[in-house]
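Working notes, structure below.
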Amino acid sequence: MTGETQSTASGPPGPRRTGSGLRTFLDAALCLYIAVILFRTFVLEGYIISTGSMAPSLLGFHKRIVCPSCGYHFAFGIPVDIPGAAADTTGSESLHEIVPHRGAVRCPNCGQDAIDADNVPPNYGDQLLVQKNAYEFRMPRRWEVVVLNGPVRPVPPFVKRIVGLPNEAVQIIDGDIYADGHLCRKELREQLAVRIPVFDNAYLPNDPPDGRGDWVIESANSPWRSEEHGFVAAAAATQAAGGSPGEISWLAFHHWVRHGGTYKTEVAVDALPQNVHVSHGAYPQLRYDPTARQFLLIGALDKTERDRLLVTNTDPKVRAAISKLYDRSHDGPVTDDYGYNRADTGLVPMRVRDIMLECDVALDADSGRVLFEIGDGRQTYRLTVDRSHHSAQLTVDGSSEPLRSAALPAIAAHKPFWLELSLFDRQVLAAIDGTVLFPAWDCDLGHVEPPRKPLRIGACGTAVHISGLKVFRDIYYTRGHGRNAVDRPLRLADDEYFVLGDNSPISNDGRSWVDGAVRESQLIGKPLVVHLPSRPGEFTLFGHTRYIRIPDFSRMRYIR
């Protein structure tokens with residue numbers, strides 16, 4: 001290098017080497033190629049998700065559906081031949097042939113089913129950017145998402161969530177994860193990562209009475225009234241309530257079920273109804289028990305059947321009981337329904353007690369109280385946000401002694417705030433503007449039937465405006481094929497993990513693998529971001545409609 005420089009300075013320039021520019025470019029390209037290969041091998045690599053085992057948090061190949069009743073947007077999974085999909089770079093041929101029939105698609109928000117998805121274009125799965133050396137610096141944590149090699153090679157890598165750690169005896173009990181006999185609980189950030197939408201009040205059905213919102217004003221003289229996509233309680237009305245718990249008018253969450261269901265509804269009737277089928281064997285949908293003098297119904301009463309019963313029964317008591325039965329039967333429990341899955345697969349819905357409320361709260365004064373109740377079927381817990389005393393208290397029904405108490409965050413004492421209240425994993429957790437108010441309160445364990453009315457909101461002494469109302473549920477881990485960690489604990493070795501999919505009813509994971517444990521050597525890395533989400537773009541050329549993949553930047557996100 002030095003000699004060449006000196007030669008250039010001391011004499012005339014030599015002849016130009018015409019190949020030097022091309023040689024430099026080729027050398028740079030080769031170095032870049034090698035750097036990319038090394039980077040992908042040891043640091044980061046992209047993976048595309050093909051199946052829906054992690055839905056709705058991470059999506060496989062799917063169609064993006066807009067509910068014709070409530071306008072809610074959701075993903076519906078479609079099966080895909082991976083090699084064919086990879087060969088079709090536009091996604092306009094092999095994917096477009098996969099069309100679900102009308103009975104397969106159901107809105108997870110309002111329950112509208114038989115949605116027509118024939119003309120909805122397909123979409124590719126989420127693409128993940130995976131940090132491959134993440135676990136060289138730390139151990140994997142419970143509840144985090146991981147990409148791993150499958151138990152039998154060669155198969156494409158899996159993406160799952162870690163629920164069991166080395167040396168633990170892990171088991172699924174009543175939808176929850178237990179390790180060494182102790183319930184595994186999630187912190188707020190982990191709850192936000194796994195929560196699944198149940199109802200968003202911004203998307204109200206437009207076809208009453210078959211469909212309606214899940215939030216109900218319970219009495220005719222209630223201070224609550226609906227306003228746009230929220231609710232308002234006037235100051236004068238809440239002041240008149242006097243603040244006494246017995247006088248509070250509540251806004252309540254009733255999960256509206258359009259039809260179907262496996263839950264039971266009972267309504268007493270002190271008269272003999274006509275034309276009601278009576279069975280002494282397994283429950284039909286509807287029967288009358290003459291001994292207990294009550295209707296017994298499985299699922300929601302069909303409107304046609306209700307009208308038939310009203311026409312054929314003239315006794316006012318019977319007619320009143322039929323109307324009550326219809327109304328009550330459509331208030332069903334929250335279940336582990338997934339809009340991503342086919343609605344006609346015959347999966348038995350599991351009742352979920354683990355729910356979360358999210359809403360924006362605006363008070364018109366620096367005094368007064370707003371109350372939030374959440375119940376699991378065994379007990380009901382009340383969070384009282386009191387601006388008069390700048391405090392928040394958690395109590396349980398039947399007791400006035402606070403279980404937890406905390407001072408309100410400074411901004412919440414005078415301005416609107418965002419509330420999160422959850423009862424995941426048998427613990428009550430409350431946060432304002434993302435800040436947890438106090439340590440979570442652990443509830444009693446044991447099997448309980450989830451309540452039909454798990455959430456209520458009340459107000460005293462101030463005008464309240466509630467908006468952004470959303471209800472979520474936790475993952476309910478099902479039996480799957482019942483091979484591992486279901487009937488008895490699965491003991492993990494010091495280098496083994498237990499992984500499950502978020503879409504538990506259809507996930508192929510540690511429950512069904514011959515060897516349910518995943519060795520540390522099988523872990524590929526930790527997904528960091530959904531970095532190349534896409535949506536179908538439509539264009540027409542010479543009378544033929546084609547679909548191409550275009551970026552969907554709104555869905556780019558970090559993976560919690």
Side-chain angles (χ1 to χ4, degrees), residues 36 39-62 64 73-75 77 123-148 156-163 165 177 184-197 200 338-340 356 358 360 418-420 422 424-425 429 431-436 468 470 472-475 497 499-504 507 509 523-535 549-560:
V36 169
F39 191 75
R40 289 187 59 185
T41 302
F42 299 105
V43 184
L44 293 176
E45 186 171 358
Y47 290 84
I48 186 169
I49 300 177
S50 58
T51 69
S53 69
M54 286 294 292
S57 58
L58 297 172
L59 304 177
F61 289 86
H62 64 280
R64 303 197 66 80
H73 295 241
F74 64 98
N123 198 24
Y124 275 61
D126 288 338
Q127 297 189 74
L128 310 179
L129 197 61
V130 179
Q131 184 182 359
K132 303 181 72 172
N133 60 357
Y135 301 129
E136 294 180 7
F137 305 101
R138 66 169 178 83
M139 297 293 291
R141 304 185 182 108
R142 197 188 320 275
W143 309 124
E144 72 179 357
V145 179
V146 64
V147 173
L148 65 146
F158 288 88
V159 55
K160 304 294 178 187
R161 194 176 298 277
I162 294 176
V163 300
L165 302 177
I177 302 298
C184 300
R185 294 183 164 103
K186 307 177 194 72
E187 298 179 358
L188 178 61
R189 62 181 180 84
E190 295 160 342
Q191 295 183 16
L192 298 178
V194 305
R195 66 183 187 177
I196 298 170
D200 187 337
Y338 288 80
Y340 193 91
M356 173 185 289
E358 176 182 298
D360 294 304
W418 167 42
L419 175 83
E420 292 162 316
S422 70
F424 281 24
D425 306 318
L429 189 150
I432 286 181
D433 294 331
T435 300
V436 176
K470 297 179 182 179
F472 303 87
R473 68 169 178 87
D474 195 5
I475 299 168
Y497 298 84
V499 299
L500 297 174
D502 289 0
N503 193 345
S504 191
S507 177
D509 50 36
L523 304 183
I524 295 175
K526 173 179 172 54
L528 297 179
V529 294
V530 177
H531 71 113
L532 286 176
S534 63
R535 59 184 176 87
R549 297 174 64 194
I550 60 177
D552 186 359
F553 297 109
S554 66
R555 292 176 52 229
M556 293 183 65
R557 64 193 184 279
Y558 288 102
I559 298 173
R560 304 191 189 202

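Values below: all heavy atoms of this structure, side chains included; hydrogens, waters and symmetry mates excluded.
Judged as a salt bridge (charged side-chain N to carboxylate O under 4.0 Å, His left out), and not counting sequence neighbours, R473 has no contacts. Annotation: salt bridge (charged side-chain N to carboxylate O under 4.0 Å, His left out) contacts of K160 (sequence neighbours excluded): none. Applying the side-chain contact (heavy atoms from CB on, under 4.5 Å) criterion to Q127, with sequence neighbours excluded, gives I48, H531, L532, R549. Not counting sequence neighbours, the partners of E358 by the side-chain contact (heavy atoms from CB on, under 4.5 Å) test are R195, W418, E420, K470, F472. For V530, the side-chain contact (heavy atoms from CB on, under 4.5 Å) partners at least two apart in sequence or on another chain are L58, D126, L128, P533, R557, I559. Residues that satisfy the side chain to side chain donor-acceptor pair (under 3.5 Å) test with D200, not counting sequence neighbours, are absent from this structure.
A salt bridge is defined here as a Lys NZ or Arg NE, NH1 or NH2 lying under 4.0 Å from an Asp or Glu carboxylate O, and E144 with R138 meets this definition.
Under 3.5 Å, the side chains of T435 and D433 contain no donor-acceptor pair of N or O atoms.
The closest side-chain heavy-atom distance from L192 to M356 is below 4.5 Å.
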- Message: Set out, in order, the CA-CA distance, both residues' side-chain angles and the distance that settles side chain to side chain contact (heavy atoms under 4.5 Å, CB included) for V146 and Y135, then state yes or no.
- Response: CA-CA 10 Å; V146 64; Y135 301 129; 3.9 Å; yes
- Item | Worked verdict on L429 versus Q191 for side chain to side chain contact (heavy atoms under 4.5 Å, CB included) | CA-CA 10 Å; L429 189 150; Q191 295 183 16; 4.0 Å; yes
- What do the steps show when you test V147 against E45 for side chain to side chain contact (heavy atoms under 4.5 Å, CB included), and what is the final call? CA-CA 11 Å; V147 173; E45 186 171 358; over 6 Å; no
- Message: side chain to side chain contact (heavy atoms under 4.5 Å, CB included) for Y497 and L148? Distances and angles first, verdict last.
- Response: CA-CA 11 Å; Y497 298 84; L148 65 146; over 6 Å; no
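For the atom pair I177 CD1 and R142 CZ, the distance stands at 8.5 Å (nearest 0.5 Å).
The main-chain N or O of I550 is never found under 3.5 Å from a side-chain atom of R535 such that the two would form a donor-acceptor pair. Y338 places no side-chain N or O within 3.5 Å of a backbone atom of I196 that could act as its donor or acceptor partner. Of the possible polar contacts, none joining the Q131 side chain to the K526 backbone as a donor-acceptor pair under 3.5 Å is found.
With R161 as reference, D502 is the one residue of D502, L500, D509 to meet the side-chain contact (heavy atoms from CB on, under 4.5 Å) rule.
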